[in-house]
Visitor: 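Have a look at this one before I ask anything.
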Amino acid sequence: MHKFLIVVVGPTGIGKTKTSIEIAKHYKTDIISADSRQIFKELKIGTATPSEEELREAKHHNIGSHSIHDYYSAWEFEQDALKFTEELFKTHNQLVLTGGSMMYIDAICKGIDEIPTIDQELRDNLMNQYNTEGIDSIRRQLKQLDPVFYEQVDLMNHKRVIHAVEVCLMTGKTYSSLRTNTVKKRPFQIIKVGLELEREEVYNRINLRVDQMIEMGLVEEAKQFYPLKELNSLNTVGYKELFGYFDGDYDLNKAIELIKRNTRRYAKKQLTWFKKDAETQWFRPNEIAKIISHIDSLILNCNS
RNA sequence: GGUACCAUAGCUCAGUAGGUAGAGCAAUGGACUGAAAAUCCAUGUGUCCCUGGUUCGAUCCCAGGUGGUACCA
């Protein structure tokens, strides 16, 4: 009997939570979240974490499991997701995985290369170097440490350049030699379902949802974390814009407009990423019956 | 009803001393291997309200419409 991981992807606000719950209920199974922000227990409103009621409808894993102070990355996600699947596939033949974090989805579906976690001190030092000496200094260092990757990397993107350098310094090997570009084998089949609507409809839903978040008390939620605004976990749409408002850079209405715009841009970016994956079958979020029958036919095909 | 002003990109507007146009915002396309809701790259999308007139040529000048705004009745 094959095991199936049903992966539900789509832009933010399209209804992944609702659709995933319907699918999970149909297969009487659990949901693993692949969301880089809903993992933080402190962030509820701004991350559109499923409601108490929704969490009761289907068991969710990896939601509210960490603190905003914790270090978490795609690597940790891969490890966690593998643990969840190993455990849950003992008692289920299907599992649902859903979320909007593109790299997390790839981490579980394809795997990522083994690279040690970078010491915070090393990262801080390089960041410092970047801030004082500029990107050129880091680029020169990369050219020397890993000329191969230097040719491939987007030299305008300081995060990529810095990361490559820190990996080289951390491991004593070139970053390019650690990038194997292989897809890891998983002990389960993967079925990818994409949710989409007309662009305008997606944007309308986003704008509406942001207004609802404000009504639910997003401003107050963000205010609590204002002193911690430098944390990476709070470099998040919905919070960073409000921090700018608290700083006095603009008024609340402007902050709300910025949240809407940045959420729209995020949705567009997700679509660009997810659309590239030819394995994904696309549906409208309310086409539950169609989605289920699509999944069933793939399962049947695989098991016969 | 009268007078004045306005009509240019999705929005707010600039502009062309007559040679089919450009800013801001919004938007669009893309990249992506441990910060990824992060980070980075690229892109101007247009019956210049309509119909005539003058002109080699009109978005620009003239006339008449239409719509809007303000003021006067």
Side-chain angles (χ1 to χ4, degrees), chain A residues 11-13 16 33-40 43 45-49 66 68-81 99-120 122-124 126-127 130 135 138-139 149 152-164 166-167 170-171 175-184 199-200 202-203 206-207 209-210 213 218 222 230-243 250 254 257-277:
Chain A
T12 188
K16 292 191 293 294
S33 167
D35 190 299
S36 70
R37 293 300 186 259
Q38 289 178 6
I39 57 164
F40 299 120
L43 310 183
I45 299 172
T47 58
T49 292
H66 293 73
I68 52 175
H69 298 280
D70 294 339
Y71 177 80
Y72 200 83
S73 72
W75 169 256
E76 279 74 24
F77 178 77
E78 183 184 3
Q79 306 312 306
D80 287 347
S101 299
M102 303 153 276
M103 202 161 71
Y104 285 19
I105 303 273
D106 275 3
I108 181 61
C109 292
K110 301 176 182 170
I112 52 180
D113 292 322
E114 297 223 9
I115 289 167
T117 298
I118 307 298
D119 287 341
Q120 193 57 46
L122 175 59
R123 174 162 291 182
D124 290 346
L126 281 166
M127 202 55 206
Y130 168 69
I135 183 82
I138 311 280
R139 282 182 191 148
F149 191 67
Q152 302 167 357
V153 72
D154 174 3
L155 288 167
M156 300 299 281
N157 191 328
H158 71 276
K159 282 201 178 190
R160 301 265 162 71
V161 180
I162 289 174
H163 181 60
E166 52 188 27
V167 170
M170 185 88 191
T171 61
Y175 182 48
S176 50
S177 70
L178 295 169
R179 287 156 55 92
T180 62
N181 210 15
T182 53
V183 175
K184 290 183 191 166
R199 185 69 63 93
E200 197 187 345
V202 174
Y203 287 180
I206 286 171
N207 294 339
R209 193 174 71 168
V210 171
M213 286 177 176
L218 179 58
E230 300 306 326
L231 290 179
N232 178 63
S233 52
L234 289 167
N235 186 186
T236 298
V237 175
Y239 299 88
K240 57 182 177 185
E241 297 84 357
L242 285 169
F243 296 153
Y250 38 75
K254 176 74 179 172
E257 281 315 303
L258 288 174
I259 293 172
K260 289 177 179 173
R261 183 198 68 185
N262 290 342
T263 307
R264 291 194 296 265
R265 289 181 177 173
Y266 175 48
K268 192 167 92 67
K269 206 169 66 168
Q270 288 173 307
L271 281 167
T272 299
W273 181 292
F274 292 137
K275 280 287 179 176
K276 260 198 316 188
D277 192 337

Visitor: For Arg261(A), report the nucleic acid contact type (base, sugar-phosphate, nothing); a contact means any heavy atom under 4.0 Å.
Guide: sugar-phosphate

Visitor: Counting the atoms with a prime plus P, OP1 and OP2 as sugar-phosphate, which does Asn262(A) contact under 4.0 Å by heavy atoms, base, sugar-phosphate, or nothing?
Guide: nothing

Visitor: Between atom CG in Asn207(A) and atom P in A26(B), what is the gap in whole Å?
Guide: 13 Å

Visitor: For A26(B), does OP1 or OP2 lie under 4.0 Å from any side-chain N or O of Tyr203(A)?
Guide: no

Visitor: Could you tell me the separation between the CD atom of Glu78(A) and the C1' atom of A36(B), rounded to a whole number of Å?
Guide: 15 Å

Visitor: Base, sugar-phosphate or nothing for Glu257(A)? Non-hydrogen atoms, less than 4.0 Å.
Guide: nothing

Visitor: So, is the end of the Lys269(A) side chain (NZ or CZ) under 6.0 Å from the ring centre of Trp273(A) and within 45° of the ring's axis?
Guide: no

Visitor: From C-beta outward on Ala74(A), which listed nucleotide comes closest to its side chain: G34(B), A35(B), A26(B)?
Guide: G34(B)

Visitor: Does Tyr104(A) place a side-chain N or O at less than 4.0 Å from the phosphate oxygens OP1/OP2 of A36(B)?
Guide: yes

Visitor: For G53(B) versus C60(B), give the span between their C1' atoms, rounded off to a whole number of Å.
Guide: 15 Å

Visitor: Measuring only the C1' atom in each nucleotide, how far is C13(B) from A35(B)? A whole number of Å is fine.
Guide: 40 Å

Visitor: Does G65(B) count as syn, meaning its glycosidic angle lies within 90° of 0, or as anti?
Guide: anti

Visitor: Does A35(B) have its OP1 or OP2 closer than 4.0 Å to a side-chain nitrogen or oxygen of Tyr71(A)?
Guide: yes

Visitor: Between G46(B) and G29(B), how far apart are the P atoms? Round to whole Å, please.
Guide: 16 Å

Visitor: Using a heavy-atom cut-off of under 4.0 Å over every strand shown, decide if Ser233(A) touches base, sugar-phosphate, or nothing.
Guide: nothing

Visitor: What nucleotide among A31(B), A26(B), A35(B) has an atom nearest to a side-chain atom of Lys276(A)?
Guide: A31(B)

Visitor: What are the atom names and distances for every N/O pair under 3.5 Å that joins the protein to nucleotides 39-43 of chain B?
Guide:
{"unit_1": "U39(B)", "atom_1": "O2'", "unit_2": "Asn157(A)", "atom_2": "OD1", "d": "2.3"}
{"unit_1": "U39(B)", "atom_1": "O2'", "unit_2": "Asn157(A)", "atom_2": "ND2", "d": "3.4"}
{"unit_1": "U39(B)", "atom_1": "O2", "unit_2": "Asn157(A)", "atom_2": "ND2", "d": "2.7"}
{"unit_1": "U39(B)", "atom_1": "O4", "unit_2": "Lys269(A)", "atom_2": "NZ", "d": "3.0"}
{"unit_1": "C40(B)", "atom_1": "O4'", "unit_2": "Asn157(A)", "atom_2": "ND2", "d": "3.3"}
{"unit_1": "C40(B)", "atom_1": "O2'", "unit_2": "Asp154(A)", "atom_2": "OD2", "d": "2.7"}

Visitor: Work out which heavy atom in Glu166(A) is nearest to a heavy atom in Leu122(A); give both atom names and the distance.
Guide: O-CD2, 3.6 Å

Visitor: May I ask you to say what Phe149(A) touches in the nucleic acid, namely base, sugar-phosphate or nothing, with a heavy-atom cut-off under 4.0 Å?
Guide: nothing

Visitor: Is the shortest heavy-atom distance from the side chain of Val167(A) to the side chain of His163(A) under 4.5 Å?
Guide: yes

Visitor: Side-chain N or O of His163(A) less than 4.0 angstrom from OP1 or OP2 on G34(B)?
Guide: yes

Visitor: Using the P atom as the reference point in each nucleotide, state the distance between C6(B) and G10(B) in Å, no decimals.
Guide: 23 Å

Visitor: For Gly100(A), report the nucleic acid contact type (base, sugar-phosphate, nothing); a contact means any heavy atom under 4.0 Å.
Guide: sugar-phosphate

Visitor: Using the C1' atom as the point on both nucleotides, what is the distance between C72(B) and U16(B), in whole Å?
Guide: 35 Å

Visitor: Less than 3.5 Å apart, which donor and acceptor atoms pair up between the side chains of residues 257-266 of chain A and the rest of the protein, not counting sequence neighbours?
Guide:
{"unit_1": "Lys260(A)", "atom_1": "NZ", "unit_2": "Asp211(A)", "atom_2": "OD1", "d": "3.0"}
{"unit_1": "Lys260(A)", "atom_1": "NZ", "unit_2": "Asp211(A)", "atom_2": "OD2", "d": "3.3"}
{"unit_1": "Asn262(A)", "atom_1": "ND2", "unit_2": "Glu241(A)", "atom_2": "OE2", "d": "2.8"}
{"unit_1": "Asn262(A)", "atom_1": "ND2", "unit_2": "Leu258(A)", "atom_2": "O", "d": "3.4"}
{"unit_1": "Thr263(A)", "atom_1": "OG1", "unit_2": "Ile259(A)", "atom_2": "O", "d": "2.6"}
{"unit_1": "Arg264(A)", "atom_1": "NH1", "unit_2": "Asn207(A)", "atom_2": "OD1", "d": "2.9"}
{"unit_1": "Tyr266(A)", "atom_1": "OH", "unit_2": "Gly100(A)", "atom_2": "O", "d": "3.3"}
{"unit_1": "Tyr266(A)", "atom_1": "OH", "unit_2": "Gln270(A)", "atom_2": "NE2", "d": "3.0"}

Visitor: For Arg265(A) and A31(B), what is the distance between atoms CZ and P respectively, to the nearest whole Å?
Guide: 18 Å

Visitor: Suppose you measure atom C1' in U45(B) against the same atom in C11(B); what distance do you get, rounded to whole Å?
Guide: 14 Å

Visitor: Please tell me if Arg264(A) has a side-chain N or O lying less than 4.0 Å from either OP1 or OP2 of A26(B).
Guide: no

Visitor: Go through Ile206(A) and Thr12(A) one step at a time and tell me if the side chain to side chain contact (heavy atoms under 4.5 Å, CB included) criterion holds.
Guide: CA-CA 8 Å; Ile206(A) 286 171; Thr12(A) 188; 4.1 Å; yes

Visitor: Which part of the nucleic acid, if any, lies within contact of Asp106(A), taking any heavy atom under 4.0 Å across all strands shown: a base, the sugar-phosphate backbone alone, or nothing?
Guide: nothing

Visitor: With respect to the phosphate group of U28(B), does any side-chain polar atom (N or O) of Arg199(A) fall under 4.0 Å of OP1 or OP2?
Guide: yes

Visitor: Distance check needed: G34(B) P versus Lys110(A) NZ, whole Å only.
Guide: 14 Å

Visitor: Classify the angle between the aromatic ring planes of Phe77(A) and Tyr104(A) as parallel (below 30°), tilted (30 to 60°) or perpendicular (above 60°).
Guide: parallel

Visitor: Would Asn181(A) and Arg179(A) count as a side chain to side chain contact (heavy atoms under 4.5 Å, CB included) if you check the C-alpha gap in whole Å, the side-chain angles of each, and the deciding distance to 0.1 Å?
Guide: CA-CA 6 Å; Asn181(A) 210 15; Arg179(A) 287 156 55 92; 5.9 Å; no

Visitor: Show your working on side chain to side chain contact (heavy atoms under 4.5 Å, CB included) between Asp113(A) and Thr180(A) and close with a plain yes or no.
Guide: CA-CA 7 Å; Asp113(A) 292 322; Thr180(A) 62; 2.4 Å; yes

Visitor: Go through it in stages, so that I can follow the logic: the residues are Thr47(A) and Tyr239(A), the test is side chain to side chain contact (heavy atoms under 4.5 Å, CB included), and I'd like the CA-CA distance, side-chain angles, deciding distance and then a yes or no.
Guide: CA-CA 9 Å; Thr47(A) 58; Tyr239(A) 299 88; 4.2 Å; yes

Visitor: Between atom CD1 in Ile39(A) and atom C1' in G34(B), what is the gap in whole Å?
Guide: 12 Å

Visitor: How many Å lie between NZ on Lys254(A) and C1' on G24(B), as a whole number?
Guide: 10 Å

Visitor: Would you say Thr272(A) places a side-chain N or O within less than 4.0 Å of OP1 or OP2 belonging to G30(B)?
Guide: yes

Visitor: Checking all strands, does Ser101(A) fall into the base, sugar-phosphate, or nothing category for heavy-atom contacts under 4.0 angstrom?
Guide: sugar-phosphate

Visitor: For C61(B) versus G2(B), give the span between their P atoms, rounded off to a whole number of Å.
Guide: 24 Å

Visitor: Atom NZ of residue position Lys184(A) - does it have more than 12 heavy atoms of other residues, nucleotides or ligands inside 6.0 Å?
Guide: yes

Visitor: From CD1 of Ile118(A) over to C1' of A36(B), roughly how many Å is that when rounded to an integer?
Guide: 16 Å

Visitor: Looking at Glu76(A) and Ser73(A), would you say the former's side chain and the latter's main chain have a donor-acceptor pair under 3.5 Å?
Guide: yes

Visitor: Write down the atom of Arg199(A), the atom of Leu271(A), and the distance for their closest heavy-atom approach.
Guide: NE-CD1, 4.0 Å

Visitor: Go through RNA chain B and write down every stem, that is, every run of at least three consecutive Watson-Crick or G-U wobble pairs with distances under 3.5 Å, as range with range.
Guide: B:1-7 with B:66-72, B:10-13 with B:22-25, B:27-31 with B:39-43, B:49-53 with B:61-65

Visitor: Within this structure, what is the CG-to-P distance between Asp277(A) and C32(B), rounded to whole angstrom?
Guide: 13 Å

Visitor: So what does Met102(A) hit on the nucleic acid, given a heavy-atom distance under 4.0 Å: a base, only sugar-phosphate, or nothing?
Guide: sugar-phosphate

Visitor: On a whole-Å scale, what distance lies between the C1' atoms belonging to U54(B) and C62(B)?
Guide: 7 Å

Visitor: Looking at Lys268(A), I'd like to know whether one of its side-chain N or O atoms comes within less than 4.0 Å of OP1 or OP2 on G29(B).
Guide: yes

